[in-house]
Structures are given as C-alpha cells and as structure tokens.
Amino acid sequence: MPYNHQQIEKKWQKKWDESDIFRARDDSDKPKYYCLIEFPYPSGAGLHMGHPRSYTAMDVIARKRRMEGFNVLYPIGWDAFGLPAENYAIKTGRKPQDVTAENIATFKRQLKSFGLSFDWSREVNTTDPEYYKWTQWMFLEFFKAGLAYKKKMPINWCVSCKIGLANEEVVDGKCERCGGPTEKREKEQWMIAITKYADRLLEDLETVDYLEKIKTQQKNWIGRSEGAEISFVIVSEIEQSNEIASVALLPRNDNISVFTTRPDTILGATFLVISPELAQQWIADGWMSSEEVKGYIEQALKRDNKEREAESKEKTGVPTGVFVINPANKEKIPVWVADYVLGEYGTGAVMAVPQHDDRDREFAEKFSLPIADRPLISFDESIEKSGGKKTVQYKLRDWVFSRQRYWGEPIPLVWCEECAKQSSSLRGSKATEAISEIAASSLDKLGTPRNDMNGWISVPDDQLPIVLPEVEKYEPTETGESPLAAIHDWVNTKCPKCGGKAKRETDTMPNWAGSSWYFLAYIMKGVSSNYQLLTTNYQSAFNHWMPVDWYNGGMEHTTLHLLYSRFWNKFLFDRGHVPVSEPYAKRTSHGLVLAEDGTKMSKSKGNAVNPDEMINEYGADSVRLYELFMGPFGEPVPWSTNGLVGMRRFLEKVVEVSLSLREASKASDEAITRLLHQTIKKVTDDIEHMRFNTAISQMMIFVNVVKENESISKENFTTFLRLLCPFAPHLSNELYEQLGGTELLEQQIWPTHDSELAKEQIITIAVQVNGKLRGIIDISPDAEEESVKQSAIENEHVKKYVEGKSVKKIVYVKNKIVSIVV
RNA sequence: GCCGAUGUGGCGGAACUGGUAUACGCGCACGACUCAAAAUCGUGUGGGGAAACCCAUGUGGGUUCGAUUCCCACCAUCGGCACCA
C-alpha cells in the first residue's frame, strides 16, 4: 500500500469531527482531566512551527488520558486582542475585527490539519463581545474590591507604538513588541493591585507542581525581601552653606524613612541617599533646594532606561545639604541625592553603609564620604536601638492596566463630575472604608490605591458589554489618548448612578486581560454556548473541571501571563466565584523551535518553515512525530527538514510491517512480545515525563526489530498501534481499520505492560579488569553470583589480563557488571 | 554582577538511583537495483593504529574496583533579572 497521507488524514479528521469523540462531557462519570495549552495570538503570518510543539505534546497527553479512561477537556481558542492587528489596521485602514477574523480562519484551518484532539465546541475568542463582557465584568470586580485604581505615575512609553507599557513589556529599555526606544512619561493609568497578592503568589508556589525553574523565576520576580524600616530624624542644626534648604524642609518633613535588609549594619551608616523621585517630592512639598540639587533631579528624571543603563557603572549624585541623626549611634550624617537609589522601590531612600555594601562604598569613595569600620549588632537589637520596625518589600509592582489604544477591551467605567463632588463629602461610606483599609495595609506609598475613585462609576451589569465602537482612524491621538476619545457620541454618556452627564473611560485593557481567565471561559462555554451573564450558574462546572491538571506553555510567559492569571484566579477565588485558589496544578514548558541555522525563525529573515508545506508533503503524522522527536521537549532545538524525512520513513516502515503481518514462530513471538512490553513501559513512562523523543525512539527500535524478524502477531501489532496512536493518530487509525478494527483507536484502552512478559531471558553484562572493559558475558538474570564471577574470569578475553596475577577483589553488581581488580 | 540551565560523533541527541559511552534519527561512504538519476534496499560509520591495543563525554584536579553521572576549581554558551538597599 502506498502511504497516501493526504487521503488518510482527511478521512480520519472527518471521522473525528463526525463522531465528536473529543468533546468533553460535563455529565460524565469518568474522572476529569483538564489539559491546557496557551491559546495562540492569531497573527497574520499564520501558524509558526513553534506552536505545534506544545500542542502536539499536550495532544499526546490528552489522547493518552482518554485511553486511560479520563473525561478529558482539551480546549482551544484565540487570544486575539493586541497590537499587531491594530498596527496592521493603521497601515491598511482595514478593521481589526475583519483582519482578526481572517487570521483566525487561517489558524483554525492549520490547526485542524494537525489532527489535534481539541474540543472545538468550546472555542473561545477574547475579542468576541460575549467574551469580553466577562473580562469587563471581572475588571469591575477588581474595581469594586478597591484593587483597581487610577494613578498618575511615570510609565514606560513606547515612542513608536505610542503606548504605555507594563514593566514586563520593556526589555532592555526597549519595547518588547517593536524593539523601539521607550521613555518615562507621566500618565494617569488604571492600575491593578497585584502587589496585595505578592505573598500568596509566592507562598502558594509550594502547593503546585511547576517546573523548578518556573517557580524560581516567579520568586525572583516577586522579589520578597525581609528587613526593617528605620526613621532618621532631620536635625535642626543647619549646615552653613545650605541654610535655606534645611529650614524650608522642616515644617513638613521631620524625618527620612529608609528600608534596609541589613539593619544589623546600622552603626556603619555614614550617610543617607535619597532617590531623585523622592527629592522631587520634597520640592513639591515646599523644600527650597539648591540649584545644584534641582539641576541634578531634572537631569536624572529625564534620562530614560537606555541612558541609565549605559552609565550604570559610574555613580552620580549631589549633597542635599540636609543632615540626619543615625538613631543607633546619634551621629550626624549627611543626606545625598543619587539616581542609584530607585524611587519605586522601598521608601525611595537608603542608609548607606560603605563598610558592607559595594554600591555605597563605590559612592563613598567617589565623593570622599566617610567609610566607617563598626561592629555588627543583632537584628533585634538594631531594630530596638533605631526604633525601626520589621517590614517586607517586594520587587513586584502593581499592574499597569491601561492602554491608550483601540484594539482592546474598553474599561467599563464612567467619569461623573457630579458624583465625584457628592461623594467627596461622604467620607466613611462603605466603599471608601474598604479602600482605606487596603491603603492602610500597604507600605508602598507610590503604589497605594487612592481613595478618591469616587467619581468613577461602574457600568451596571445589564449594560455590559461596552462594545468597541467603530472608528475612522486607529492611531492613538497625539496627546496619547486612545482613538476612542475622538468618538464623542460614544464618550459622552449618562451617569448610571445619578443620570447626569458623564464621560466614558477611553482607555482599553492590556492584551493580558483576556488571557487571565480563558481557562474558565472554556468551562463556561460547555455550560452555555453564549455565556449568558449572571443568569447561568457556572459553579458546578467550575467545581467539576478546576483546577487545570496540566498546563504547558512558554517560559517567556512565566512572569507575565502565568503570574497575572494566577493572581486573577486567586482574586476570583476570594470573591467566591471559583472553587480553587491556584488555577494550574501542574505547569511545564517547551523549548523554542529555531530555524535550521539555529537562530529564531522569523518571516523577515526568511528562515521560517511553513507548516502547510510540511504537512502537504510529508503528512501531519510525520510533522507531529518530528516536533516531538527533534530534541528534549524543554530545550530549544533547530528545525531540520531532513529530520522530518526520517519520521516519514519510520511511518512507511510501520505501513510495511502491517502489510506483511505473519504469525511468527513461538520463539520469535516471545521475543517480540518481550520487546513490546518493554516498549509499552518505556512509552508510558516517557510520555508522563514529556520525554517524547525517547518514547519515539523506542517505538522505532520496536519496528526495526519486527521488520528484521519479518513477523508479528496481529494482536501484538494492534497493541503497538494503540501506543503509536497519540503520536500519529491518522495512520494508526487507518492501519487499525485495515486490520479489521471497527471502532476508533481512540476508544481503545491504553496498553499496560506485564513485567513478567517484559523480563529478559539472557542478559549481557560487562567484565572489567582494573577498571577497563575487557570482555562481555551472557548470563541468566537469576544466575548465582559465584557462577557469574567464575565465567567472568574464564572468559577468553578476560583471561589474559588475569592469568598469572593475583586477584585482589571481584565486585559483582547484579545483572550489571563484574569488576576484577588484580 | 546575581539567579537558573547547558556543554557527549559531521549534525539533533541517548545513557534509569555511578556500572558495556555514542541508543534512535539525520548526514556521509561503499554496494545492490537502474541506460542514468531520484527513491528504495543492504553494509559500514567517534578518533588513532596493520594489529594487539591506545585515546575520547568543555578544561584541570579529586572520590571510587569503576565517573557523562558525585565533589572542588576554572572556561564557554544560552535564558532570566539587573544599582531592589
């Protein structure tokens, strides 16, 4: 039989569709298993060879689970909001809605051609108003809980995309998407207080089964540091040259608070350093600083990340003229301002201990500040002596949730001037109390939710979704507002609370919003295909399916999507909407598929491999196998079309074997059965550990041996087809049918291995003399130690190294090796 | 600089808790088939040597009867973070 993959693959894909066997059942008695892959952004370039690596891997697992008797949910959807579609719209004038729909159609066709066992009935799309209705509803939950707040803050601004970026989206001072330069800009932004969950995001990592490197990266990103906050009193004595400075400062600020992880070094603190941001705040509060300080601040704040990085080696700073008292030893020490102290971290001020801190020493040496040699004191003693208090700091920042762009979910809030005025006199209302409580529990003064959100009114549930209006132009406005701001009909609305004139928020959400809860959307879609808002009860379905049992995705999402969605789910859990605090029980990650030259595949470099062409020429089964065989699953591996050819040859061999099925002699059949059971064991174990490459190699060994023997029983062969099915489902089904199978292979059970049948009759072991391999002998696995040693010494290759010498020692490791020392 | 990972043939890579290093695949060489080529099949394939043997898992040490695997030091590459007090 010629192996006509095109015909075979079409045929089985149709059968799967018609039989609907990949549909997850909410009413099943079987135990559930939820497999998840990161749903793709449907880009205009079409499917990338990297996508199927993760998808086929989870497909193998999903298919195996089904055969093991689980009710499997393996869904797919589209994370379709985002910049590329919008930039394309700006360039061509086409609607992002249309472009996205086309891209999705392409992706869908391509994914289907891989024969992935997705439950397509639960397909979701983040840009569907029925979907983002919920994204908006959840945002309002954050808002109502006081976790969404608007704040003027310096944000990372991409000059060419004209968009504010989250810290996570800035890489080496450059925009993650376009690679262009970024600068700091002051903007009113919606923020979500993820920092409130920092501790739980950290602690709960202990409760989940994530790859260790993923946990480590998240821990580092959250960056918890324990230490102390210590106040340094500003002294009234005035340094001659800066008389005005200190005097003017005193009325409002009588001390400077610093955060340190080393309060035990406080005796060695010989000066204080404050950040340019804090210094600027002082000036705003009425500090009459010297011109030198003002000049320094201005320069420091203007510098963007790139410049700062370039100059990171050389420390700069100026004295403020202000002095403080070291509370531990009552020494009067100067305060400097320098940009090596960050405004966003800690209190924005540090005590400098040149004796113990490299950065402080470098600074002290450069500016001839004193470097003391003082003893350490214990943590508790230092806290007591300095009147400080123990605190914890995080590197994690609150989530910048606003985008001034078109192609995202509109933030469903309305600004009402009238209500703002009203409520300013209503301090003590319930909402305000809730917000104040959160504010009080917070240490980070720059990331604290404000309690003046009162003019912002939630859009009521029955008015959701706020649908993206049609616009003429997709560019952000020159002032940096979203194009929505130009649609007056849309912006001007009625206040849902007082009925007066009000304006809609024109910011949209970041593309991370929709992906923060999509694993729930798949479940909801199984209950109600149109996501009826609030009227449907999803609780029992959530109870049934959550948490996700196994989630595979890219390492690049560890500190973005993965952290955001854990946070989002925890919040929903706290609000009583979902039953589990951690959304993903297990998280693994795949390595990148690189181009043949070992660099990243990209359309612009022209080194991208087209999945359509590969499937057309070699078949989906070959491509699936190669995606998994190419290298260890977690490592990046360069693509090789030659390697793909090897998979095709393997499948052709399988076809050949199936055509020449012949009952074997008893001895041969025993040998094949033995190898089959060894293969079952290896493939079964390897899949669980994502060692797909060695699982496939074991199946190749099996087929090679069968081919050599020119015989295999039908029973053994169909067992083998069940093993092969998750990897190469089209061909496996075809061969199974030709052998008289009437059901789909997917409805068969996964083979289990019999260790008795798998047991070797004869084992070949090595014989070493003085650590060098000198011979091999065949033994029975149950052979007595003495007889093995004897035959080792008598082996003709070994003899000549042993003869005439005195044997000092013989080591025998059962069924492994004989080691002789002479 | 810090954190994490990785280093094995011409290439992708195997090797379980220390036990025959180089499985499996690619490539290559030779042979068969063919007028010829492709495809296919067969044989071989870490390096050196005529052979006995010797040398090889980034480098240098160590532990051990035995080390790709464990320990110490170093080098290189990749990923993440980056003046986080």
Side-chain angles (χ1 to χ4, degrees), chain A residues 171-172 211-221 223-225 227 258-263 265 269 272-273 275 305 308-309 311-315 338-342 344-353 356-360 362-363 393-397 555-556 558-559 591-592 596 598 625-626 629-632 634-647 649-650 652 656 682 685 691 693-704 764-777 800 808-822:
Chain A
V171 178
D172 291 336
L211 288 183
E212 215 42 52
K213 61 177 174 180
I214 297 176
K215 288 189 182 182
T216 308
Q217 253 190 50
Q218 287 211 346
K219 278 179 199 163
N220 291 344
W221 188 261
R224 183 190 153 99
S225 300
V258 303
F259 172 72
T260 177
T261 54
R262 295 290 309 276
T265 65
L272 246 53
V273 188
S275 62
N305 296 335
R308 241 175 146 152
E309 189 188 352
E311 298 165 15
S312 65
K313 291 279 175 282
E314 193 61 24
K315 295 242 177 325
D339 69 359
Y340 82 90
V341 175
L342 306 175
E344 319 91 89
Y345 184 76
T347 62
V350 302
M351 65 177 205
V353 186
H356 291 288
D357 186 284
D358 291 344
R359 294 155 306 181
D360 296 343
E362 194 191 325
F363 193 78
Q393 278 296 319
Y394 303 92
K395 289 188 196 176
L396 184 71
R397 313 278 163 73
M555 278 308 287
E556 70 273 20
T558 303
T559 55
L592 292 176
E596 300 226 19
L625 278 168
Y626 182 62
F629 182 74
M630 61 198 305
E635 304 293 319
V637 196
W639 176 268
S640 157
T641 302
N642 271 329
L644 171 58
V645 172
M647 303 303 109
R649 285 182 196 146
F650 164 62
E652 279 168 1
E656 198 183 320
K682 180 143 184 66
D685 288 352
R691 291 190 294 245
N693 52 340
T694 50
I696 293 168
S697 120
Q698 179 66 32
M699 290 191 283
M700 286 171 167
I701 291 171
F702 178 78
V703 171
N704 287 345
T764 304
I765 67 166
V767 182
Q768 290 182 349
V769 180
N770 285 354
K772 299 219 179 229
L773 177 70
R774 297 302 184 190
I776 50 172
I777 54 174
K800 56 185 171 188
K808 275 193 193 159
K809 186 162 144 187
I810 301 183
V811 180
Y812 172 55
V813 180
K814 196 168 185 330
N815 299 344
K816 289 268 167 69
I817 201 162
V818 178
S819 186
I820 303 166
V821 186
V822 300

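Bear in mind the structure is a predicted one, so any value in this text is a computation, not a measurement.
A donor-acceptor contact under 3.5 Å is formed by the side chain of A/Gln768 with the base of B/rG19. Under 3.5 Å, the side chain of A/Lys808 and the base of B/rC65 form no donor-acceptor pair of N or O atoms.
When the P atom is compared between B/rC28 and B/rU22, the two are found 24 Å apart, to the nearest whole Å. Of the P atoms belonging to B/rU8 and B/rU57, the separation is 11 Å, rounded to the nearest Å. The same atom, P, is picked in B/rG18 and in B/rU68; the two are 13 Å apart, to the nearest Å. If you take atom P in B/rC70 and the same atom in B/rU77, they sit 23 Å apart, rounded to whole Å. With P as the reference atom, B/rA38 and B/rA29 are 11 Å apart, rounded to whole Å. If you take atom P in B/rC33 and the same atom in B/rG48, they sit 32 Å apart, rounded to whole Å. Taking the C1' atom of each, B/rC75 and B/rG27 are spaced 30 Å apart, rounded to whole Å. Atom name P, nucleotides B/rA15 and B/rC24: the rounded distance is 13 Å, in whole Å.
Relative to the ring axis of A/Tyr340, A/Lys315 places its NZ or CZ within 45° and under 6.0 Å from the centre.
Protein atom CD of A/Gln217 is 9 Å distant from nucleotide atom C1' of B/rC3, rounded to whole Å. In this structure, CD of A/Gln393 is placed 9 Å from P of B/rA85, rounded to the nearest angstrom. Between A/Leu644 atom CG and B/rC26 atom P the separation is 11 Å, expressed in whole Å. Here the C1' atom of nucleotide B/rG4 and the CE atom of A/Met555 are 9 Å apart, to the nearest Å. Summarising the geometry, the separation between CD on A/Gln698 and P on B/rG25 is reported as 12 Å, rounded to the nearest angstrom. To the nearest angstrom, C1' of B/rA82 lies 16 Å from OH of A/Tyr340. Distance CG (A/Asn815) to P (B/rC16): 17 Å, rounded to an integer number of Å. Atom P of nucleotide B/rU64 and atom NZ of A/Lys816 are separated by 22 Å, given to the nearest angstrom.
Of the possible polar contacts, one joining the A/Arg397 side chain to the A/Lys395 backbone as a donor-acceptor pair under 3.5 Å is found. Counting only distance, with no hydrogens or angles, the side chain of A/Asp360 and the backbone of A/Val353 share a donor-acceptor pair below 3.5 Å. Judged by distance alone, with hydrogens and angles left aside, the side-chain atoms of A/Tyr626 form a donor-acceptor pair with the main-chain N or O of A/Ser640 at under 3.5 Å.
For the pair A/Asn770 and A/Val821, the minimum side-chain heavy-atom distance is below 4.5 Å. Between A/Val767 and A/Ile817 the shortest side-chain heavy-atom distance does not fall below 4.5 Å. Proximity of A/Ile214 to A/Gln217: side-chain heavy atoms (C-beta onward) are nowhere separated by under 4.5 Å.
For A/Tyr345, the side-chain atoms get nearest to B/rA85 when compared with the rest of B/rA85, B/rG19, B/rG4. The side chain of A/Arg649 has B/rC26 as its nearest neighbour among B/rC24, B/rC26, B/rU20. With distances taken from any side-chain atom of A/Ile776 to the nucleotides B/rU20, B/rA85, B/rC3, the minimum falls on B/rU20. Nearest to the side chain of A/Phe629, among B/rC65, B/rA85, B/rG12, sits B/rG12. For A/Asp339, taking side-chain heavy atoms from C-beta onward, the closest of the listed nucleotides B/rC24, B/rU20, B/rC83 is B/rC83. Nearest nucleotide to the A/Phe259 side chain, out of B/rC24, B/rA85, B/rC65: B/rA85. Distance from the side chain of A/Met700 is smallest to B/rC24 among B/rG4, B/rC53, B/rC24. Side chain of A/Ile701, nearest nucleotide from B/rC24, B/rC54, B/rA52: B/rC24. The side chain of A/Ser819 approaches B/rC65 more closely than any other nucleotide in the set B/rC24, B/rC53, B/rC65. Here the side chain of A/Ala766 is nearest to one of B/rU20, B/rA14, B/rG27, namely B/rU20.
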Taking Watson-Crick and G-U wobble contacts under 3.5 angstrom, with | marking pairs to another strand and [ ] crossing pairs, the secondary structure of RNA chain B is written (((((((..(((......[....)))((((((.......))))))(((....)))..(((((..]....))))))))))))....
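Using a 4.0 Å heavy-atom cutoff across all strands shown, A/Gly771 reaches sugar-phosphate atoms only and no base atom. At a threshold of 4.0 angstrom between heavy atoms, the contacts of A/Val813 include nucleobase atoms, whether or not backbone atoms are also involved. Residue-level contact check: A/Asp358 touches neither bases nor backbone, having no heavy atom under 4.0 Å from any strand. Counting any heavy atom pair closer than 4.0 Å across all strands shown, A/Thr764 reaches a base atom. Within the 4.0 angstrom heavy-atom criterion, only backbone atoms of the sugar-phosphate kind lie near A/Arg774; the bases stay farther away.
Residue A/Ser225 has a polar side-chain atom (N or O) positioned under 4.0 Å from OP1 or OP2 of B/rA85. Regarding contacts with the backbone of B/rC65, a side-chain N or O of A/Lys809 is found under 4.0 angstrom from either OP1 or OP2. Between A/Asn642 and B/rG27, a side-chain N or O to OP1/OP2 separation shorter than 4.0 Å is present. The shortest distance between the side-chain N/O atoms of A/Lys682 and the OP1/OP2 oxygens of B/rC24 is not below 4.0 Å. In this structure, A/Asn704 reaches the B/rG25 phosphate: one of its side-chain N or O atoms is under 4.0 Å from OP1 or OP2.
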One pair to check against side-chain hydrogen bond (donor to acceptor under 3.5 Å, both in side chains): A/Thr641 and A/Glu596. What are the steps and the verdict? CA-CA 8 Å; A/Thr641 302; A/Glu596 300 226 19; 3.2 Å; yes
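Mapping A/Thr260 and A/Gly643 onto RNA chain B by nearest heavy atom places A/Gly643 at the nucleotide closer to the 5' end. Both A/Arg262 and A/Pro636 lie near RNA chain B, and the one whose nearest nucleotide falls closer to the 5' end is A/Pro636.
Minimum interatomic distance between A/Val341 and A/Ser275 (heavy atoms only, all atoms of both residues): O-CB, 3.2 Å. Nearest heavy atoms, A/Gln218 versus A/Thr558: NE2-O, 2.9 Å.
Classification of B/rG9 as syn follows from a glycosidic angle within 90° of 0.
A/Arg224 contributes atom CZ, which lies 13.0 Å from atom CG of A/Leu396 (distance to the nearest 0.5 angstrom).
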